[in-house]
There are 2 protein chains.
Amino acid sequence: MVDVDGPDPVRRPRLQDVAAEAGVSTASASLVLRGAPGPGSATRERVLDAAARLGYRPDRAASLLARRRSRLIGVVMDVRSTFHAQLVEDVHEAADEHGYDLVLSTVTRTRDEERAVETLLDSRCEALVLLGPELPAERLDALDRQLPVVVVGRPVPSAGVDVVRVADDEGVAQAVEHLAGLGHRRITYVDGGRGVIAAGRRGGYERAMRRLGLAQQLQVLPGDAGEESGARAARALLAAGDLPTAVVTYNDHSAVGLLDVLLRSGVDVPGAVSVVGFDDSPLARLAHIDLTTVSQESDELTRLAVQAVVERLDGGRSERREVVVPPRLVVRGTTGPPAGG
Amino acid sequence: MVDVDGPDPVRRPRLQDVAAEAGVSTASASLVLRGAPGPGSATRERVLDAAARLGYRPDRAASLLARRRSRLIGVVMDVRSTFHAQLVEDVHEAADEHGYDLVLSTVTRTRDEERAVETLLDSRCEALVLLGPELPAERLDALDRQLPVVVVGRPVPSAGVDVVRVADDEGVAQAVEHLAGLGHRRITYVDGGRGVIAAGRRGGYERAMRRLGLAQQLQVLPGDAGEESGARAARALLAAGDLPTAVVTYNDHSAVGLLDVLLRSGVDVPGAVSVVGFDDSPLARLAHIDLTTVSQESDELTRLAVQAVVERLDGGRSERREVVVPPRLVVRGTTGPPAGG
DNA sequence: CGAGCGCTTTAAAGCGCTTTAAGACGTGGC
DNA sequence: GCCACGTCTTAAAGCGCTTTAAAGCGCTCG
């Protein structure tokens with residue numbers, strides 16, 4: 001009985017087919033196709049020709065299996081975070097430059113970090129880049145004993161993993177100083193919760209205020225990473241009838257929530273109240289949110305993360321490394337001098 | 001000379017090690033570990049034990065290579081799009097249910113769709129799900145001759161690929177009808193550019209207006225997919241000093257830009273002007289943008305997309321399929337009766 | 001003129017897993 | 001006691017590619 005499904009689904013050409021077509025061995029073909037040194041120019045040409053003629057594409061799984069090294073870096077991200085999206089783009093570019101490829105694994109509602117990591121472990125990754133992971137430090141450490149791990153954007157007081165992050169406290173301090181420089185004294189902070197990142201930022205606020213002699217003005221409102229927490233803070237301030245002249249928030253999302261409530265209540269920004277966020281996420285850049293914010297320098301962060309990976313993998317570094325990048329204040333339209341001058 | 005790098009990096013245990021530890025053949029071990037029928041319960045237990053003891057994890061590359069089928073679905077997305085992020089989450093879930101796994105490949109500034117697709121082709125994917133691809137129809141067709149391709153969210157007048165998308169025209173029509181129902185007559189549309197999706201939505205607007213006897217009020221402002229185009233449209237309307245009572249935009253981003261300019265100019269929304277977007281992206285749901293918008297029903301879309309894949313792969317379907325899902329208007333805070341109403 | 005020497009090419013041995021066909025081992029029937 | 005038969009187990013042949021050690025091939029040189 002003949003196959004009934006129409007024309008045979010053309011089997012993908014294999015290296016062997018290319019070699020046969022070119023009249024050489026698979027070894028030569030492999031060498032040529034990877035641009036490895038050895039084969040003479042005549043062979044080169046014939047193989048390349050044959051490959052083109054057949055429309056050959058190497059099978060990654062096979063090549064991965066045979067190769068000594070995979071040159072693969074696994075990246076765990078939260079697909080919903082615009083900030084992570086940005087980081088992934090940059091990591092892609094940086095990895096490319098070093099001849100590494102990426103395997104993405106995303107955290108979703110039904111797929112936790114552990115599972116995302118496992119997928120990567122099973123995929124022959126040589127190293128892991130974890131974007132703002134929430135795994136406990138011990139787990140990170142354990143992973144690091146298996147393969148180089150670089151954590152981006154979160155401090156990890158651990159013996160093993162590399163960390164690349166921004167100086168959170170300094171970022172908030174810059175924001176506060178910027179505002180103080182404009183003449184603000186009543187500068188309120190909207191907190192980001194119990195995480196280690198939030199603690200860093202809150203500490204930066206408190207120290208900066210003290211340093212500037214504004215200890216009297218310290219005000220920290222509770223909050224978290226979402227828009228709603230900023231909105232709540234704004235409503236609280238409005239209800240108290242006692243608006244500060246400036247507010248610094250844990251992140252851009254919170255700032256956007258805050259902004260929105262203020263604008264809808266007819267509060268002029270930055271005329272009456274100045275607002276500063278954190279992250280410089282695409283959200284902040286939306287033409288008309290135009291938020292003054294603290295940039296995490298994502299391209300710098302990712303460049304360093306990939307560099308850390310490469311140093312471990314190709315450079316033989318084995319001691320731990322923590323790189324703290326100075327943040328950069330991005331002044332946009334939500335900050336200005338306080339009302340009373 | 002002895003290895004100087006400290007203790008041997010413990011080689012990952014292989015199937016063979018597990019088999020040896022359990023005192024069985026690799027064949028049995030493989031069978032057990034995949035839950036395949038055959039091995040008796042005694043063997044089962046010993047293998048499972050051994051695997052646990054050694055901390056065995058199967059190597060995906062090897063298993064992929066040896067397996068007849070990869071059970072892998074390749075997904076091309078734009079990592080920056082919050083809408084795609086959402087879709088990926090849902091595809092993940094749906095694929096899981098059918099026993100398929102995902103390989104993500106993202107489009108970035110320096111990595112176009114073609115390259116993203118190629119990576120997937122080389123990864124033994126059995127089918128491709130393309131989120132809002134911009135590849136020309138011929139290329140999609142060519143791909144479809146290699147493996148099942150499902151395009152999500154964009155009409156493709158082509159012979160091969162499956163398409164799962166929302167009825168764009170109907171979505172906009174719903175928006176217009178909603179507004180007309182509230183008493184609006186001057187309903188302006190902000191366009192989304194030259195794409196085939198934009199054409200569908202624009203057509204929906206025009207037909208709905210005519211159907212409602214509002215042909216006189218037809219007004220289409222040029223625009224594209226970004227915030228700035230909405231902002232431009234708003235400025236144009238303000239400058240003309242002739243605001244409509246309602247505006248429908250190509251997508252949520254455009255609506256957000258528009259909203260922002262209106263709010264900052266002191267125009268009350270929805271008091272003076274109602275605004276409707278399209279996509280129901282996370283952006284629209286931001287607590288305080290609270291945009292009335294047209295939902296693309298992403299979970300339905302992805303469920304159908306995965307179903308289409310499975311039907312082709314496991315069900316032997318070979319004829320083309322286009323599924324058009326009815327959109328759903330999500331009424332939020334940016335629409336209300338017109339001022340004079 | 002044969003040894004010796006680069007340069008190219010290739011045979012063959014994997015990479016770690018799956019799968020299939022054949023083997024081993026009881027069981028029960030005749 | 002022998003054979004047919006089902007159940008479990010395994011040897012062995014790949015999957016498609018990389019890599020290494022060795023072979024092949026002109027050459028030059030002594």
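Proteins get letters first, then strands, A, B, ... in listed order; numbering begins at 1 in each.
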Quick one, B/R115 with B/T119, criterion side-chain hydrogen bond (donor to acceptor under 3.5 Å, both in side chains). Give me CA distance, side-chain angles, the key distance, then yes/no.
CA-CA 6 Å; B/R115 216 172 128 208; B/T119 301; 5.6 Å; no
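Here A/A116 pairs with A/V76, A/S105, A/V107, A/R111 under the side chain to side chain contact (heavy atoms under 4.5 Å, CB included) rule; sequence neighbours left out.
Heavy-atom minimum distance, B/L65 versus B/R124: CD1-NH2, 3.3 Å.
A donor-acceptor pair under 3.5 Å is absent between the side-chain atoms of B/R12 and the main chain of A/Q146, judged by distance alone.
To the nearest 0.5 Å, atom CD of residue A/E297 and atom CG of residue A/L304 are 10.5 Å apart.
Looking at heavy-atom distances under 4.0 Å, B/R124 makes contact with sugar-phosphate atoms alone, never a base.
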Could you run down nucleotides 17-28 of chain C 5' to 3' and tag each one B, S or - for protein heavy-atom contact under 4.0 Å?
BBB---------
